[in-house]
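Written below as structure tokens is the structure these notes are about.
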Amino acid sequence: MARGIIVGATHYPTKEAVRDVCRGIVQRYGIGGDVTDPDDDSFLRLLLERHPEYDLKRGDGIAHFRVIAHTGYGRRSVGLALVRLDGEVSDFSWNACLTPLSHRTQVLAALRHAIADQVAVARNAALTSGQPLACSVTGAPIPSAAELHIDHADPTFLVLAEEFIAGNGGVDAFRILPDAGSAVSYIELEDKTLERSWQEHHRERCVLRPVLKRVNLSDLRRADSRGTPSP
């Protein structure tokens, strides 16, 4: 099983490596600055999913993140907060997000990473089709590439992953590739034959669709919060 900390499908060798990413974000934007870079935003969304009070923090959905100043306990410090779709601001501790994940969650992360290329192909096809982009859920126009996300229609990612896991010996039969221990890497399955089988299973069964970023990161994730958020 991989050591270190997994955020999304990315493996960090230590908790301090994740803290360094958070500190870098804080330094780039400064107090009061809204996080605008898509990679920074994606990292923080994935990190927040590890928070023990994720559903409470998220509320009805996350609009973006902001660097804030803390003034509690007689001292001033700098931290991160999420701005919800309703405009409410809620701070969160990145340290609270660093509890090691279960083996099942690691397996699901590895399965997500294994089909990232398929999702990227679907996204590129949507962008280069020559047709106006519209959200498959709401019908609303997708105004830019930055607002385009690719989502699983029925069957969801979780359904596809769970049926594949069940058909291949259960979650304990899935081993995570040991990490090198010294660098950032992606979490992957150790058995590459099994990984290719999963990729083919996903390719045959998945229905990928374009959706608005806010729909994928709020409405769809809230609806799927009984299981695992769709990638």
Side-chain angles (χ1 to χ4, degrees), residues 1-13 15 17-18 21 39 41-55 57-58 61-62 96-123 149-179 184-209 211 215-231:
M1 184 179 294
R3 301 181 300 277
I5 296 295
I6 297 160
V7 179
T10 304
H11 170 261
Y12 296 82
K15 291 182 180 181
V18 179
V21 176
D39 290 338
D41 181 87
S42 176
F43 168 82
L44 291 176
R45 289 178 189 273
L46 293 168
L47 179 67
L48 187 64
E49 287 181 6
R50 298 176 53 101
H51 197 284
E53 296 181 345
Y54 171 65
D55 287 328
K57 292 289 184 182
R58 177 191 59 183
I62 302 164
C97 303
L98 300 182
T99 302
L101 298 177
S102 69
H103 180 63
R104 176 181 180 275
T105 302
Q106 292 186 54
V107 170
L108 289 173
L111 294 179
R112 285 193 197 94
H113 176 63
I115 52 95
D117 286 349
Q118 295 180 38
V119 174
V121 168
R123 188 175 193 277
H149 275 209
I150 298 298
D151 167 65
H152 285 77
D154 188 35
T156 66
F157 168 82
L158 185 61
V159 167
L160 292 173
E162 293 287 14
E163 69 183 18
F164 183 78
I165 291 170
N168 287 274
V171 71
D172 290 338
F174 287 68
R175 296 189 179 278
I176 300 302
L177 185 69
D179 63 89
V184 174
S185 60
Y186 290 106
I187 181 169
E188 299 178 54
L189 294 180
E190 186 175 66
D191 186 336
K192 293 305 174 183
T193 300
L194 184 63
E195 182 177 87
R196 288 190 292 272
S197 179
W198 154 246
Q199 290 167 335
E200 188 58 30
H201 175 82
H202 180 268
R203 185 177 291 106
E204 290 176 353
R205 296 266 288 123
C206 75
V207 179
L208 299 176
R209 59 184 179 175
V211 297
V215 172
N216 192 34
L217 297 178
S218 57
D219 300 345
L220 293 174
R221 290 196 173 212
R222 189 170 182 83
D224 200 32
S225 62
R226 300 171 188 83
T228 298
S230 299

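Excluded from the calculations below are hydrogen atoms, water molecules and symmetry mates; all remaining heavy atoms, backbone and side chain alike, are included.
From His149, atom NE2 reaches atom CZ of Arg123 across 7.5 Å, with rounding to the nearest 0.5 Å. Distance check, rounded to the nearest 0.5 Å: CG of Leu46 to CG of Asp41 gives 9.5 Å. Distance CZ/Phe157 to SG/Cys206: 11.0 Å, rounded to 0.5 Å. If you take CZ on Arg112 and CD1 on Ile187, they are separated by 10.0 Å, rounding to the nearest 0.5 Å. Atoms CG and CZ, on Leu48 and Arg58 in that order, are 9.0 Å from each other to the nearest 0.5 Å.
At least one donor-acceptor pair closer than 3.5 Å links the side chain of His103 to the backbone N or O of Val171. One N or O on the side chain of Gln199 and one on the backbone of Ala114 form a donor-acceptor pair closer than 3.5 Å.
Taking all atoms of both residues into account, the shortest heavy-atom contact from Leu194 to Asp191 is N-OD1, 3.0 Å. Scanning both residues, Gly8 and Ala109, for their nearest heavy atoms gives O-CB, 3.2 Å. Scanning all heavy atoms of the two residues, the minimum distance from His202 to Leu160 falls at CD2-CD1, 3.8 Å.
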Given side-chain contact (heavy atoms from CB on, under 4.5 Å), test Leu189 with Arg175 step by step and report yes or no. CA-CA 6 Å; Leu189 294 180; Arg175 296 189 179 278; over 6 Å; no
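A heavy-atom distance below 4.5 Å is found between the side chains of Val107 and Leu111. Between Trp198 and Ile165 there is no side-chain heavy-atom pair separated by less than 4.5 Å. Here the side chains of Ile5 and Arg50 are in contact, with some heavy-atom distance below 4.5 Å. Side-chain contact between Thr156 and Asp151 is absent, with no heavy-atom pair separated by less than 4.5 Å. Side-chain contact between Phe43 and Thr10 is absent, with no heavy atoms from C-beta onward closer than 4.5 Å.
For Arg203, the side chain to side chain contact (heavy atoms under 4.5 Å, CB included) partners are Gln118, Glu200, not counting sequence neighbours. Under the side chain to side chain contact (heavy atoms under 4.5 Å, CB included) criterion, Ala173 pairs with no residue at all, not counting sequence neighbours. Listed by chain and residue number, nothing satisfies the salt bridge (Lys or Arg N to Asp or Glu O under 4.0 Å) test with Glu204 (two or more places apart in sequence, or in another chain). The side chain to side chain contact (heavy atoms under 4.5 Å, CB included) check on Ala153 picks up Val207, Arg209, with sequence neighbours excluded. Applying the ring pair (Phe, Tyr, Trp, His ring centres under 6.0 Å) criterion to His113, with sequence neighbours excluded, gives Tyr186.
Counting only residues at least two apart or on different chains, the side-chain hydrogen bond (donor to acceptor under 3.5 Å, both in side chains) pairs with a member in residues 157-172 are Arg104-Glu162, Glu163-His201, Glu163-Arg205.
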